[in-house]
Amino acid sequence: MQILTRNEATHRAAHLHVSAIDVVVDVRNAQDTTNPTYPVTSTLTLTSDEERTFIDIAGEVSDVLLNGESHPFDDDDDRVWVDGLPVGETITLEVRALASYSRSGEGLHRYTDPEDGEVYLYTQFEPNDAHRAWPCVDQPDVKPEWTFHVIAPAGWVVSSNGAETAVEVVDDSGALRHDFTATRPLSSYITAIVAGPWAVIEGGTWSGGASDGGHAELELRLLCRRTLARYLDSDDVFEVTRAGLDFFHERYGVTFPWGSYDQVYVPEYNLGAMENPGCITFNENYISRSTPTFSERQRRANTTLHEMCHMWFGDLATPSWWDDLWLKESFAENQGASAIATATRYVGEWANFAMNRKIWAYTQDQMPTTHPIAADIPDVAAAKTNFDGITYAKGASVLKQLVAWVGEDAFYEGARRYFAEHQFGATNLQDLLVALEGASQQELSSWKSAWLETSGPSTLSASWVTDSVGAITDFTLHQGGEACNGVLRPHRVTVSTWRVAAGALERTHVFDVRIDGDSAPIDPEGVVAVPGGAASADLVVVNDDDLTYAISRLDERSTDVALAYVGTIDAAITRAVIWASLWNAVRDGLLDPRRFVVAVLNAVPSETEPAIRDRLLLFVAEAISSFLPGQARSDVHDQVLATTIRLSRETEDSDAWRSYTRAFIAEFSARGGDEYEATVRDFASSDNPDIAWRARRALAARGLVDEESIEAWRSADGSGEAARMSVEALASLPLEEARARAWESVFSDSLSNDYLTATLAGLQASSWEGETGIESAVERMISYWESHTIGMALRYANGVLALGVDVDRDGSVERSVGLLRRWIDEHADAPAQLRRIVVEHLDSFERDERVQRRWSSGQ
């Protein structure tokens with residue numbers, strides 16, 4: 001596959017104007033899964049000021065017609081080159097091709113439901129896969145109007161970006177042609193079709209408009225596989241959807257311009273969701289065959305509103321190239337969280353963000369591969385690996401700080417100006433800054449330089465002196481820039497002081513502090529009187545309310561108090577900020593993971609925010625597996641097993657029961673526990689399919705069940721989810737024959753994207769202690785990368801590199817750190833994106849080794 005570069009895209013956009021593309025996709029044969037291809041025709045209306053150009057298409061081109069007449073072409077590695085174009089004239093260029101159905105989740109993906117044998121199709125294109133499905137100009141700054149026509153089997157439901165206008169029979173089989181309205185100007189990567197026997201759930205009409213005077217009547221629909229329809233809690237989805245449409249219309253000033261609002265839950269999806277206007281696609285994992293927990297519904301709500309924000313940030317005003325990916329993803333991440341916290345029942349979303357997404361950002365930003373938010377993306381391969389914690393979560397955190405710095409009113413006024421000026425166009429960073437500067441009346445070039453053009457997290461901490469009467473003096477906020485090459489950024493933060501009273505923490509003071517150098521006074525009056533005459537504040541929280549992006553450090557006294565009393569704080573956002581500070585201290589080797597685990601196990605029973613509870617339990621698992629050496633894991637492991645199963649049995653909250661049970665099963669799967677085998681077997685027979693399959697996979701990984709049992713469970717369930725989970729369970733069996741078959745399937749190219757991930761996950765989860773096959777798989781990464789799509793190659797590389805480190809286990813460090821160091825030394829010419837992935841995994845292993853050695857002596 002030829003990789004589109006930024007220079008090529010810039011040149012083409014400068015010389016080629018495409019006003020419209022009409023696409024006919026013929027998938028009437030899709031149910032015959034032995035047929036790998038389908039015919040497709042794109043007719044482009046365009047003007048070129050050069051005689052030669054190329055159209056993108058990853059298929060077998062049969063004909064090219066210029067203004068209806070056959071025209072010569074060169075078919076060259078996903079490109080059709082056409083010479084002899086009439087310069088300056090508006091022409092039509094028709095490209096006819098055979099395109100391939102996908103099993104990688106890229107292009108037009110075809111899935112067969114194992115439960116009922118039905119076939120489903122959906123497209124996924126970001127950043128550069130539209131040309132896998134149909135001929136087009138596949139770059140974001142070319143935004144024609146699109147008209148889709150889909151020929152599909154009778155009885156199928158078809159959706160696309162436009163509204164369906166007509167359906168007519170086309171042949172004796174009853175196949176139907178579905179015609180859709182032309183879209184407004186739209187980039188290729190957000191065009192879409194879905195087709196199949198989808199279940200359709202109607203949600204009524206949303207009516208409304210924005211301050212531009214427009215009005216929209218949107219028919220709300222949810223689509224999913226028929227076998228999942230009875231599990232989709234549609235009322236919650238529609239409630240969130242309506243709340244989001246109200247929220248964004250009130251703030252953005254431009255009425256929703258896309259005409260329809262289908263939300264489609266699709267199988268084997270590579271992403272969480274995709275913002276195709278009018279035809280938004282979601283990973284069907286957001287549908288649970290068990291009653292979804294509050295945290296699961298909150299996560300889905302976040303994604304729903306993230307994608308909705310993209311209808312404006314990304315779809316209406318589109319970044320010209322992937323350098324400015326943050327212009328859509330950072331905004332959707334930030335505004336999705338703001339919308340859910342403001343407009344829905346999930347009011348603790350910012351606490352969830354601080355504990356989840358923001359930790360992702362800090363982790364990514366401390367790697368050697370860190371990059372500025374406004375990144376340098378030379379080609380679409382680099383773009384694919386830049387959908388990371390910096391672009392999403394760091395960018396969203398920086399935007400939260402910008403709102404705190406300039407004010408919410410100015411921020412939204414800037415957004416309205418930006419949309420009014422650039423709707424249906426392609427934009428860049430400067431376009432947004434001009435709008436924000438005009439609205440806020442503040443110069444933002446220095447803000448841009450400090451926040452968007454540098455990498456690494458800032459560090460914030462506080463210091464003070466306590467005088468003879470118990471008052472704090474010289475109260476100072478400090479900024480460190482070690483992780484960001486000495487850059488000192490402008491921050492507006494909340495600093496709070498706390499004391500322990502009657503066994504709980506109560507807040508005594510709150511300070512609004514601005515800092516843009518290495519220090520700033522916290523109390524402008526110079527003295528903070530602490531009620532009760534305490535010798536000092538028991539706890540000082542830097543960045544309370546989580547307004548800025550910086551790793552906040554707790555002093556020694558505050559750390560001790562936080563570990564003991566953080567769960568007694570009423571405000572969820574404050575608890576989340578403190579837990580995040582403690583977790584960052586664990587990762588940096590500053591806090592003993594054992595103390596952290598004990599604090600979590602003591603705090604989770606009283607935690608009222610489900611997202612915080614669930615994240616804390618995940619922190620526990622990571623603290624043990626990553627940051628404790630093997631000899632120190634045993635006692636903590638036993639404590640986690642005993643505590644989580646006790647909490648599981650004691651709680652009357654079904655959501656909490658599931659959280660504790662999942663944590664218990666995960667710990668059993670990782671390290672075993674003979675006395676708990678019967679309990680896990682009981683869970684394997686649960687009528688909750690999520691818990692049952694987690695237990696079954698755990699038993700398989702420990703070698704406590706055989707292939708026949710797994711196959712029997714799969715047959716009894718029959719669902720697509722069971723099929724995927726049984727693949728993982730079979731691959732995790734600690735048996736030489738089972739592992740050999742699993743590795744053979746990995747390299748046979750017979751696996752879909754999801755089955756590849758499941759197989760590799762099983763191989764890594766196994767308690768097998770013989771020859772693992774990982775060394776050979778690592779050596780094959782380059783050949784796999786060069787012979788597969790980027791999406792499959794990413795799944796393969798991340799799967800085979802999911803190694804562990806245990807400094808107390810002979811050979812463990814050599815099999816991870818040593819292996820990847822040698823690979824990097826020996827493969828200097830490897831593809832840059834693959835090297836980045838290896839470097840990131842190596843950095844994680846080196847951190848694990850460093851922190852484990854810190855605590856290996858029992859300090």
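The chain is numbered in sequence order, starting from 1.
Put simply, the side chain of Asp717 never gets that close to the backbone of Trp713: no donor and acceptor are under 3.5 Å apart.
Between the side chains of Asp545 and Trp350, no donor-acceptor pair is found at a separation under 3.5 Å. Counting only N and O atoms by type, the side chains of His109 and Gln124 include no donor and acceptor under 3.5 Å apart. Arg795 and Asn270 share a side-chain donor-acceptor pair at under 3.5 Å. Side-chain contact of Gln263 with Thr241: a donor-acceptor pair under 3.5 Å is present, judged by distance alone.
In this structure, Tyr252 and Trp312 have perpendicular ring planes: the angle between them is above 60°, well past the 30° mark. The aromatic rings of Phe387 and Tyr392 lie tilted to each other, with the angle between the two planes from 30° to 60°.
Electrostatic pairing of Glu296 and Arg658 counts as a salt bridge here, judged by a charged N lying under 4.0 Å from a carboxylate O. Ion pairing of Arg694 with Asp690 is present here, as a side-chain N (NZ or NE/NH1/NH2) and a carboxylate O approach within less than 4.0 Å. Salt-bridge formation is not detected for the pair Arg613/Asp655: no Lys NZ or Arg NE/NH1/NH2 atom is positioned less than 4.0 Å from an Asp or Glu carboxylate oxygen. Electrostatic pairing of Arg300 and Glu307 does not count as a salt bridge here, judged by no charged N lying under 4.0 Å from a carboxylate O. One finds no salt bridge joining Arg225 and Glu115 here, because no Lys/Arg side-chain nitrogen approaches an Asp/Glu carboxylate oxygen to under 4.0 Å. Using a 4.0 Å cut-off between charged nitrogen and carboxylate oxygen, Asp635 and Arg594 do not count as a salt-bridge pair. A salt bridge links Arg681 with Glu677; the closest basic N to acidic carboxylate O contact falls under 4.0 Å. Using a 4.0 Å cut-off between a side-chain N of Lys or Arg and a carboxylate O of Asp or Glu, Arg553 and Asp588 qualify as a salt bridge.
At least one side-chain heavy atom of Thr679 sits under 4.5 Å from a side-chain heavy atom of Phe664. You'll find the side chain of Ser626 stays beyond 4.5 Å of the side chain of Val805, heavy atoms only. Looking only at side-chain heavy atoms (C-beta outward), Ile280 and Met311 come within less than 4.5 Å of each other. At least one side-chain heavy atom of Lys400 sits under 4.5 Å from a side-chain heavy atom of Leu547. Here the side chains of Met367 and Ser844 are in contact, with some heavy-atom distance below 4.5 Å. Proximity of Lys394 to Val398: side-chain heavy atoms (C-beta onward) are separated by under 4.5 Å at one or more points.
Between the OH atom in Tyr676 and the CG atom in Asp682 there is a gap of 14.0 Å [rounded to 0.5 Å]. Between the CG atom of Asn386 and the OG1 atom of Thr391 there is a distance of 4.5 Å, given to the nearest 0.5 Å. With values rounded to the nearest 0.5 angstrom, Ser290 atom OG is found 3.5 Å from Asn688 atom CG. Distance check: Ile340 CD1 to Met308 CE gives 11.5 Å after rounding to the nearest 0.5 Å. Rounding to the nearest 0.5 Å places CG of Asn302 at 8.0 Å from NE2 of His306. Rounding to the nearest 0.5 Å gives a distance of 12.5 Å between CD of Glu667 and CD1 of Ile645.
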Take Thr651 and Trp657 through the side-chain hydrogen bond (donor to acceptor under 3.5 Å, both in side chains) test and state the conclusion after the steps. CA-CA 6 Å; Thr651 185; Trp657 172 82; over 6 Å; no
Assess whether side-chain contact (heavy atoms from CB on, under 4.5 Å) is satisfied between Thr363 and Trp360, documenting all intermediate values. CA-CA 5 Å; Thr363 302; Trp360 177 33; 5.6 Å; no
Checking side-chain contact (heavy atoms from CB on, under 4.5 Å) for the pair Glu284/Tyr231: CA distance, chi angles, key distance, verdict? CA-CA 11 Å; Glu284 71 176 19; Tyr231 304 107; over 6 Å; no
Checking side-chain contact (heavy atoms from CB on, under 4.5 Å) for the pair Tyr269/Met274: CA distance, chi angles, key distance, verdict? CA-CA 10 Å; Tyr269 207 37; Met274 188 64 205; 3.0 Å; yes
Apply the test side-chain contact (heavy atoms from CB on, under 4.5 Å) to residues Phe282 and Cys224: give CA-CA distance (whole Å), side-chain angles for both, the deciding distance (0.1 Å), then the verdict. CA-CA 10 Å; Phe282 293 83; Cys224 68; over 6 Å; no
Check step by step if salt bridge (charged side-chain N to carboxylate O under 4.0 Å, His left out) holds for Arg646 and Glu650. CA-CA 6 Å; Arg646 175 178 60 79; Glu650 290 177 354; 3.2 Å; yes
Salt bridge (charged side-chain N to carboxylate O under 4.0 Å, His left out) for Asp614 and Arg299? Distances and angles first, verdict last. CA-CA 12 Å; Asp614 294 354; Arg299 186 172 69 94; over 6 Å; no
Determine, step by step, whether Phe248 and Phe256 satisfy the ring-ring contact (aromatic ring centres under 6.0 Å, His included) criterion, reporting the C-alpha distance in whole Å, the side-chain angles of both residues, the deciding distance to 0.1 Å, and the verdict. CA-CA 9 Å; Phe248 292 122; Phe256 184 88; over 10 Å; no
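For the residue pair Phe668 and Gly673, the shortest heavy atom distance occurs at CE1-O, 3.3 Å. Across Ala361 and Ala393, no two heavy atoms sit closer than the pair CB-CB, 3.7 Å. Heavy-atom minimum distance, Pro457 versus Asp365: N-OD2, 3.2 Å. When all heavy atoms of Ala243 and Ala343 are compared, the pair lying nearest together is CB-O, 3.4 Å. Ala729 and Ala700 make their closest contact through O-CB, 3.5 Å (heavy atoms, listed as atom of the first residue, atom of the second, distance). The two atoms that bring Lys328 and Glu275 nearest to each other are NZ-OE2, 2.8 Å, heavy atoms only.
Between Trp693 and Phe683, the ring centre distance reaches or exceeds 6.0 Å. Residues Tyr120 and Trp198 bring their aromatic ring centres within 6.0 Å. Proximity of the aromatic rings of Tyr111 and Tyr122 is defined here by a centroid distance below 6.0 angstrom, and this criterion is not met.
Between Arg615 and the choices Glu607, Glu609, Met355, the side chain to side chain contact (heavy atoms under 4.5 Å, CB included) rule is met once, by Met355.
For Asp570, the CG atom counts as loosely surrounded, since its 6.0 Å shell holds 12 or fewer non-hydrogen atoms of other residues, nucleotides or ligands. The number of heavy atoms from other shown groups lying within 6.0 Å of CZ (Phe238) is above 12.
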Please tabulate, for the side chains in residues 758-767, all donor-acceptor contacts under 3.5 angstrom to protein atoms that are two or more places apart in sequence or on a different chain.
residue : atom : partner : partner atom : Å
Thr759  : OG1  : Tyr755  : O            : 2.7
Gln764  : NE2  : Gly799  : O            : 3.1
Gln764  : NE2  : Val800  : O            : 3.1
Ser766  : OG   : Ser732  : O            : 2.9
Ser766  : OG   : Trp768  : N            : 3.0
Ser767  : OG   : Ala701  : O            : 2.6

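Listed by first then second residue, pairs satisfying ring-ring contact (aromatic ring centres under 6.0 Å, His included) with a partner in residues 329-349 read Phe294-Tyr346, Phe313-Phe331, Trp326-Phe331, not counting sequence neighbours.
Under the salt bridge (Lys or Arg N to Asp or Glu O under 4.0 Å) criterion, Arg221 pairs with Asp262, sequence neighbours left out.
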